[in-house]
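Before any comments, here is the structure.
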Amino acid sequence: MPELPEVETVRLQLLHKIVGKRIKKIEIYKTRTVAHDPTFESRLKNQTIEYIDRIGKLLIFSFDKKPDLFLLAHLKMTGQFFYIDKKGQIVGGGHSDKDSENITFPHKHSRVAFGFDGGGTLYFNDMRLFGYLKIASKDEAEVAKSRFGPEPIHPEFDTKWFTTALLKKKTPVKAALLNQQFVAGLGNIYVDEALWRAKVLPTRICDTLTKKEAVVIATASGAVMNESIKVGGTTFQHFIDTDGNKGNFSNFLKVFGKQGTPCSRCGTIIEKTRVAGRGTHFCRQCQK
DNA sequence: ACTCTTGTTAAAAC
DNA sequence: GGTTTTAACAAGAG
């Protein structure tokens, strides 16, 4: 499940791999992935990748001398980017359930391939077809960006605003944190981890939280994602980075997937329930 | 064969 | 009628 730290891991690696490269050829194996856009190849062909930005879990590619052309990419559940250089060696990344050494491309989950001058190829793979690649104008890209709230990892994240806004909500705190329009980047894994760190139950209704708890939730949300980015994200089921490596943050998870095992803080058995329609992990002893 | 998995959103319920 | 919850999407694992 790629969340902000996994998407950021992919972005940082792709910056090194494909910025400055010119798209020579595009193959579309599944038109659904490009929203059945018949102009997808013709509009991107011969364009040179200028930069790759990110907001929340959305990647935004820009192109040299094309100020009104952007490519929006969302990995959703199982999307992954793989970059293979001209020698056929895997250099790129995303989300997979197989050992990278044994993969040949394209494989049955490859949806789009970008061939670059010089021989490198970027594959977009997506088993469950929820992910998408979409061309956008500058205005459309701005609209897409405007749908995201601020990111807790930002050094100037406005904790005061967050606290005030959070305390007005009447939803379970987990639902609020999963809402990308409110705050961007958290998904099921990092919400559970952040709430465990903050010692707050995911079921707590926001307007029953104290200001102090809200501040700790903000701090924990940013910290858990920043720590994950430093070690290349979390691999729980599928995620692998642009070099085919698994994310090391899996080793630091405290509650996600830990049901039935003792809480590392107090020894109480971690439980799993359903909150906001999602599998939710918590310690009933030290989260209140 | 049936249930469970999740990011996002549209539809439904409140 | 604005807010909150549920279902749908897809495909695979168990």
Side-chain angles (χ1 to χ4, degrees), chain A residues 1-11 29-36 54-60 72-81 94-99 103 107-112 124-134 136 140 143-149 151-152 165-195 202-208 221 225 228 233-240 247 250 253 255-260 271-281:
Chain A
M1 301 69 84
E3 302 175 28
L4 186 154
E6 290 72 44
V7 178
E8 179 67 1
T9 297
V10 169
R11 185 184 79 89
Y29 308 110
K30 202 79 177 177
T31 61
R32 177 196 162 97
T33 297
V34 298
H36 307 288
R54 179 194 58 70
I55 180 160
K57 306 165 191 172
L58 182 70
L59 289 168
I60 304 172
L72 310 182
H74 203 302
L75 303 175
K76 287 289 183 84
M77 312 288 295
T78 58
Q80 57 183 202
F81 278 113
H95 198 175
S96 168
D97 51 1
K98 291 180 181 173
D99 291 333
I103 297 178
H107 62 64
K108 68 172 179 175
H109 298 316
S110 295
R111 308 309 184 190
V112 179
F124 181 75
N125 304 319
D126 185 21
M127 180 180 77
R128 286 168 69 178
L129 296 173
F130 282 14
Y132 61 83
L133 304 178
K134 189 173 183 301
E140 289 168 336
V143 168
K145 289 169 79 169
S146 73
R147 293 204 180 99
F148 290 91
E151 299 180 352
L166 186 68
L167 291 180
K168 287 178 183 171
K169 293 175 177 287
K170 295 174 170 37
T171 60
V173 62
K174 173 156 182 169
L177 295 178
L178 284 173
N179 183 348
Q180 304 298 299
Q181 294 183 49
F182 179 44
V183 286
L186 292 161
N188 208 30
I189 295 174
Y190 295 107
V191 166
D192 283 6
E193 293 295 317
L195 289 173
T203 47
R204 277 283 291 286
I205 303 303
C206 293
D207 66 7
T208 72
S221 298
M225 289 198 289
S228 182
T234 299
T235 296
F236 186 68
Q237 289 182 320
H238 304 291
F239 178 77
I240 55 177
S250 322
L253 295 177
V255 280
F256 193 88
K258 300 293 186 186
Q259 63 273 21
E271 297 175 51
K272 182 177 180 183
T273 57
R274 183 162 290 265
V275 178
R278 296 293 172 234
T280 298
H281 314 72

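Labels below follow one simple rule: chain letters A, B, ... track the order of the sequence lines, proteins then strands, and each chain is numbered from 1.
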In whole angstrom, what separates [X]'s [atom1] from [N]'s [atom2]?
X: A:Lys174; N: C:dT5; atom1: NZ; atom2: C1'; result: 15 Å
X: A:Lys168; N: C:dT3; atom1: NZ; atom2: C1'; result: 15 Å
X: A:Lys76; N: B:dG7; atom1: NZ; atom2: C1'; result: 6 Å
X: A:Leu4; N: B:dT6; atom1: CG; atom2: P; result: 18 Å
X: A:Asp126; N: C:dG12; atom1: CG; atom2: P; result: 11 Å
X: A:Lys134; N: B:dT9; atom1: NZ; atom2: P; result: 12 Å
X: A:Met77; N: B:dC4; atom1: CE; atom2: C1'; result: 11 Å
X: A:Gln181; N: B:dT9; atom1: CD; atom2: P; result: 7 Å

Looking at [X], I'd like to know whether one of its side-chain N or O atoms comes within less than 4.0 Å of OP1 or OP2 on [N].
X: A:Gln180; N: B:dT8; answer: yes
X: A:Lys170; N: C:dT4; answer: no
X: A:His74; N: B:dT8; answer: yes

For a quick test of reading the model, state the closest non-hydrogen atom pair linking A:Asp192 to A:Gly279 and the distance between them.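 Closest pair (atom of A:Asp192, atom of A:Gly279, distance): OD2-O, 3.9 Å.
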Nearest atoms (heavy-atom pairs only) where A:Glu3 meets A:Glu6: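 Scanning both residues, the minimum pair turns out to be N-OE1, 2.7 Å.
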Rounded P spacing from B:dT6 to C:dT4 in Å: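 Approximately 23 Å lies between the P atom of B:dT6 and that of C:dT4.
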Can you check the distance between B:dT9 and C:dG1, where both ends of the measurement are the P atom (answer in whole Å)?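 It works out to 25 Å between them.
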Can you tell me if A:Ser146 uses its side chain to pair, donor with acceptor, with the backbone of A:Val143 under 3.5 Å?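 It does hold such a pair.
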Can you tell me how far the CG atom of A:Leu186 sits from the CD atom of A:Gln180, to the nearest 0.5 Å?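 Here the rounded value is 7.5 Å.
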First locate atom CD of A:Glu193, then atom CG of A:Leu253, and finally report the distance between them rounded to the nearest 0.5 Å.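 Between atom CD of A:Glu193 and atom CG of A:Leu253 there are 4.5 Å.
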Give one of base, sugar-phosphate or nothing for [X], where a contact means two heavy atoms less than 4.0 Å apart.
X: A:Arg32; answer: sugar-phosphate
X: A:Gly131; answer: nothing
X: A:Lys272; answer: sugar-phosphate

Between B:dT6, C:dG12, C:dT5, which one does the side chain of A:Phe256 approach most closely?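 Nearest listed nucleotide: B:dT6.
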Proximity to the side chain of A:Thr171 - top-ranked nucleotide from B:dT6, C:dA11, C:dT5: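 That would be C:dT5.
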Base C:dT6 paired with A:Arg278 side chain (donor-acceptor, <3.5 Å):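 Counting by modelled atom types and ignoring angles, no donor-acceptor contact under 3.5 Å is found here.
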